[in-house]
There are 2 protein chains.
Amino acid sequence: MKSETLIEKGYRNLKKAIISGEFCPGQSLPQRRIAERFGITTITAREIFRKLEHDGLIEIEPKWGVKICDLDIAELEGRYIVREALEGMAARIVAKKINSQKAEELIKLASEVDKKFESDRINQVNLIKLHYDLHMKIAIESGCRKLVENIERLNLQYMFWHNTVKVDNSWHKKNRNWHTRLVKSIIEGDPDKAEAMMRKHVRVGFKLEMSEFNLTKTSSPSVIDGKLTEESR
Amino acid sequence: MKSETLIEKGYRNLKKAIISGEFCPGQSLPQRRIAERFGITTITAREIFRKLEHDGLIEIEPKWGVKICDLDIAELEGRYIVREALEGMAARIVAKKINSQKAEELIKLASEVDKKFESDRINQVNLIKLHYDLHMKIAIESGCRKLVENIERLNLQYMFWHNTVKVDNSWHKKNRNWHTRLVKSIIEGDPDKAEAMMRKHVRVGFKLEMSEFNLTKTSSPSVIDGKLTEESR
DNA sequence: TTAGTTTATCTGGTATACCAGATATATTAT
DNA sequence: ATAATATATCTGGTATACCAGATAAACTAA
């Protein structure tokens, strides 16, 4: 049981705060302010920033500072393209090595997700977490650590984006049992089909999110340019 | 013309040193020693380490220190799987938007690579650089920044690995005009075929490297466990 | 009043110093 | 000689302090 370093602890906390949507996209994160808030010093904050940059949640510009990622359409699409490639590959690998027990676990999780999407329009947090769990379980079953790491990053970025920009997921209702169908195609054991299905899943998700995005983005801009001028708390 | 920060400069230099094979896989990089060598302080060295960790060239273990990545077969295969997925996706996108001018540039570069592989068995550095340029040009033509970033990282990791573990590329002779054929399949404009070809290119490359790896790895182990005990310079 | 200039106050970047833990070395007791 | 203990010396982690540049505020001169 080794003690956690200040960097790791602060990283956990700030990461959670960012993903949960506490900061606006584009918002500036002065190192002294962050240090003060978490009871650490600037040097510790700087190392935390480096880790969050790796996660694709903030951007560090030398001689300028740190700001929460503010994704334009092109950037967001780029991340979805990477996600499509990697999650597709994960689905392919899982399809090749699936067994009946894992298949059952996946089906169970997928049906939970689909059920939540139909019933629960209030508690978005639980739903998003469950959806994240499903995608991560598929990734993990691939057995490829690098795939898991990358896919986790991309899904956390999605959660962050979802918590800062969008709020509505009603378009899911048009795709009943979407995730169950996805998982079924994986556990059938045909790698090509599994990969194609996962790719489609990611791609269609992006397009639907986009149409949603265009609506909410214009009605309530949450972007702040330049440095923060007033207190954030 | 803005001045470069010490972190950026040191990052460039240390990155180049690592990729060029100056350090052994598994070798420890004490922050004070690195700081002394580059004429910086430990705090600057630590930030450089964070960036190199992001590049997949070193590993930072809290409370322990930094060491050059020492990839076992499973880890190496994982990176190749990611590379296969991403470069395959890049080839797909390029195939969809290729024009005659870009096609000509790609063919020219590919033929240079193939020619080098046949003729030049002395100057490996130039060859590897040219091979890197080809893969990067394909990635860049995809127009997707995230793909470019990830593919660049993976190819630099490959160069690092190549410069530290392997030395011989003679197996390329068995695949005459390999890269030219790859590029041709891309510029034909069939996305499915382009992606399949690029995937095969990466996958076969990995397997051939592996058989080579097994030979050289056993005959000359270059791994150092634990901390560095004697001077490195 | 307004334009120009100085001054105060932010920001990130970085050197110094010190702490705590781990490891190796020396020393002492048996 | 060997085992146990103490000590010196590594290591990474982190707080403090200060510098330089950029920006904003205030003041002065027209």
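Each chain gets a letter, A, B and so on, in the order its sequence line appears, and its residues count up from 1. The figures that follow rest on heavy atoms only: side chains count, while hydrogens, waters and symmetry mates do not.
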Starting at CD1 of B:I34 and ending at C1' of D:dC10, how long is that distance when rounded to a whole Å? 16 Å
Looking at B:K97 and B:S142, would you say the former's side chain and the latter's main chain have a donor-acceptor pair under 3.5 Å? yes
When you measure from the side-chain N and O atoms of A:R33 to the phosphate of C:dC10, is any distance below 4.0 Å, counting only OP1 and OP2? no
Taking the side chain as C-beta and beyond, is there a heavy-atom pair between B:H54 and B:R153 under 4.5 Å? yes
In whole angstroms, the gap separating P of C:dG13 from CD of B:E4 amounts to 13 Å
Nucleotide by nucleotide, nucleotides 15-24 of chain C touches protein heavy atoms under 4.0 Å in the pattern (B base, S sugar-phosphate only, - none) BB-B------
Whole angstroms only, please: what is the NZ-C1' distance between A:K9 and D:dG13? 15 Å
Candidates C:dG12, C:dT14, D:dG13 - which lies nearest the side chain of B:T5: C:dT14
To the nearest Å, give me how far apart CD (B:E47) and C1' (D:dT14) are. 13 Å
Do NZ/NE/NH1/NH2 and the carboxylate oxygens of B:K15 and B:E152 come within less than 4.0 Å? no
Contact check, side chains of A:I151 and A:M136, non-hydrogen atoms, under 4.5 Å: yes
Calculate the interatomic distance between B:I7 atom CD1 and C:dT14 atom C1'; express it in whole Å. 8 Å
How long is the line joining CD of B:Q31 and C1' of D:dT14, in whole Å? 11 Å
Indicate yes or no: at least one non-hydrogen side-chain atom of B:I34 is less than 4.5 angstrom from one of B:T42. no
Donor-acceptor under 3.5 Å (A:R79 side chain, A:G56 main chain): yes
Taking NZ from A:K67 and C1' from C:dT11, how many angstroms apart are they, rounded to a whole number? 16 Å
To the nearest angstrom, how far is B:E61 atom CD from D:dG13 atom P? 10 Å
